[in-house]
Amino acid sequence: MFKRLFGGDRSANRAITDALYGEIVAAARQPVFYSDWNVPDTPLGRFEMLSLHMFLFQHRLRGEEGGSREIAQVLTDDFFTDLDHSLRELGIGDAGVPKRMKKLARMFYGRTKSYADALEAGDRPALAAALARNIRPEAGDWPEADALGGYVFETVAALARQPSEAIHGGAIGFPAPQPG
């Protein structure tokens, strides 16, 4: 496994990271987020959910060395490449993409800091407040933020139970959010 990550088999490495990124994207696109929990089904809303799931993946691998660190970096690069492509598909011209990418990067890293701080403190209300501030800033009150916060804590626990070796093989499972 580690030989594939550090060795010369680029196609095997790409297959692993593609599988992982596909799982992250699929988790971010679960319909309950948009239908039951009122995440805006807009490019920005989808960015928020993809950012959240990228954060959850990165949070799972934090502190690990070797293959985990390499995978985390490749997936971060893939995430920002995907954002670049999405901006271009939305009709943003070559001149405007770098400025917007910088803004999206600041947004992503700001969110990851606030989410990590709340998780480290075990503070579900602080996490719900950070989620509401980022995902539904115009809403004022967003009651579904607490359900999403619960999902984040549940996901952190579920991902922690998954062995690094499985992740290095391209397998990760995000729990299904429970509507309610």
Side-chain angles (χ1 to χ4, degrees), residues 18-62 72 75-76 78-92 96-97 99-162 167 171-180:
D18 284 351
L20 291 169
Y21 192 69
E23 289 299 320
I24 293 166
V25 170
R29 291 183 177 166
Q30 293 178 85
V32 71
F33 296 132
Y34 307 96
S35 62
D36 292 25
W37 292 352
N38 295 317
V39 171
D41 193 6
T42 62
L44 191 55
R46 291 186 294 272
F47 164 78
E48 293 294 349
M49 294 313 295
L50 183 55
S51 294
L52 176 61
H53 285 83
M54 274 300 299
F55 160 74
L56 290 166
F57 179 80
Q58 299 291 348
H59 186 77
R60 164 58 184 84
L61 295 181
R62 81 187 186 295
L75 287 179
T76 299
D78 288 351
F79 170 68
F80 284 107
T81 298
D82 193 25
L83 290 178
D84 181 282
H85 290 236
S86 294
L87 289 173
R88 292 174 193 282
E89 286 177 1
L90 289 170
I92 307 299
V97 169
K99 179 180 174 182
R100 286 191 170 83
M101 287 299 296
K102 285 180 185 177
K103 181 178 180 181
L104 290 171
R106 281 192 309 272
M107 289 170 63
F108 175 73
Y109 288 113
R111 282 149 174 71
T112 61
K113 170 117 177 63
S114 66
Y115 300 158
D117 289 348
L119 283 172
E120 295 303 316
D123 191 341
R124 186 167 164 171
L127 179 61
L131 291 164
R133 183 175 57 250
N134 294 323
I135 296 171
R136 297 292 306 258
E138 77 295 338
D141 183 38
W142 182 39
E144 295 86 352
D146 184 63
L148 184 55
Y151 167 80
V152 169
F153 274 97
E154 175 189 343
T155 300
V156 167
L159 295 179
R161 292 189 296 270
Q162 296 177 36
I167 296 169
I172 191 154
F174 288 84
Q178 299 304 310

Q. Do you know which two heavy atoms are closest between Gly173 and Leu159, and how far apart they sit?
A. O-CD2, 3.5 Å
Q | Partner set under side-chain contact (heavy atoms from CB on, under 4.5 Å) for Ala176, not counting sequence neighbours | A | Gln30, Gln178
Q.
Let me confirm one number: the OG1-CG distance from Thr112 to Leu56, rounded to the nearest 0.5 Å.
A. 11.0 Å
Q) ring pair (Phe, Tyr, Trp, His ring centres under 6.0 Å): which pairs involve residues 128-151, sequence neighbours left out? A) Phe33-Tyr151, His53-Tyr151
Q) Can you list the residues that meet the side-chain contact (heavy atoms from CB on, under 4.5 Å) rule with Asp41, with sequence neighbours excluded? A) Tyr34, Arg46
(Q) Filter on salt bridge (Lys or Arg N to Asp or Glu O under 4.0 Å), then keep only pairs touching residues 145-158, sequence neighbours left out; what's left? (A) Arg124-Asp146
Q: Sort and list the pairs that fulfil salt bridge (Lys or Arg N to Asp or Glu O under 4.0 Å) and have at least one residue in residues 49-61, not counting sequence neighbours.
A: Arg60-Glu64
Q: With sequence neighbours excluded, tell me which residues meet side-chain contact (heavy atoms from CB on, under 4.5 Å) with Glu23.
A: Ile172
Q) Below 4.5 Å, heavy atoms only, C-beta onward: do Asp78 and Leu20 meet side chain to side chain? A) no
(Q) Going by the rule salt bridge (Lys or Arg N to Asp or Glu O under 4.0 Å), which residues pair with Glu48 if we only count those two or more places apart in sequence or in a different chain? (A) Arg111
Q: Supply the atom-to-atom distance Leu127 CG to Leu131 CG, rounded to the nearest 0.5 angstrom.
A: 4.5 Å
**Q.** Arg136/Asn38 under side-chain contact (heavy atoms from CB on, under 4.5 Å): CA gap, chis, key distance, verdict
**A.** CA-CA 9 Å; Arg136 297 292 306 258; Asn38 295 317; 3.4 Å; yes
Q: Report the residues that fulfil salt bridge (Lys or Arg N to Asp or Glu O under 4.0 Å) with Arg133, sequence neighbours left out, ordered by chain and then residue number.
A: none
Q.
Just to verify, what does Ser35 make a side-chain contact (heavy atoms from CB on, under 4.5 Å) with, not counting sequence neighbours?
A. none
(Q) Is the shortest side-chain heavy-atom distance between His59 and Val152 below 4.5 Å? (A) no
Q | Partner set under ring pair (Phe, Tyr, Trp, His ring centres under 6.0 Å) for Phe47, not counting sequence neighbours | A | none
Q. Can you tell if the side chain of Met54 reaches within under 4.5 Å of the side chain of Leu75, non-hydrogen atoms only?
A. yes
Q. Between Ala145 and Ala128, what is the shortest heavy-atom contact and its length?
A. CB-O, 3.5 Å
Q: Under the ring pair (Phe, Tyr, Trp, His ring centres under 6.0 Å) rule, collect the residues that match up with Tyr115, sequence neighbours excluded.
A: Phe55
Q.
Show the nearest heavy-atom pair for residues Pro179 and Pro177, with the distance to one decimal.
A. CD-O, 3.4 Å
Q. Hey, what do you get for CD (Gln162) to CD1 (Ile167), rounding to the nearest 0.5 Å?
A. 6.0 Å
Q. Does the pair Ile135 and Leu148 meet the rule for a side-chain contact (heavy atoms from CB on, under 4.5 Å), with working shown?
A. CA-CA 11 Å; Ile135 296 171; Leu148 184 55; 3.5 Å; yes
Q. For Ser114 and Asn134, what are the C-alpha separation, side-chain angles and deciding distance, and is it a side-chain contact (heavy atoms from CB on, under 4.5 Å)?
A. CA-CA 10 Å; Ser114 66; Asn134 294 323; 4.0 Å; yes
Q: Apply ring pair (Phe, Tyr, Trp, His ring centres under 6.0 Å) to Phe108 and list each qualifying residue two or more places apart in sequence or on a separate chain.
A: Phe79, Phe80
Q. Going through the distances and angles, do Val156 and Phe153 end up as a side-chain contact (heavy atoms from CB on, under 4.5 Å)?
A. CA-CA 5 Å; Val156 167; Phe153 274 97; 5.8 Å; no
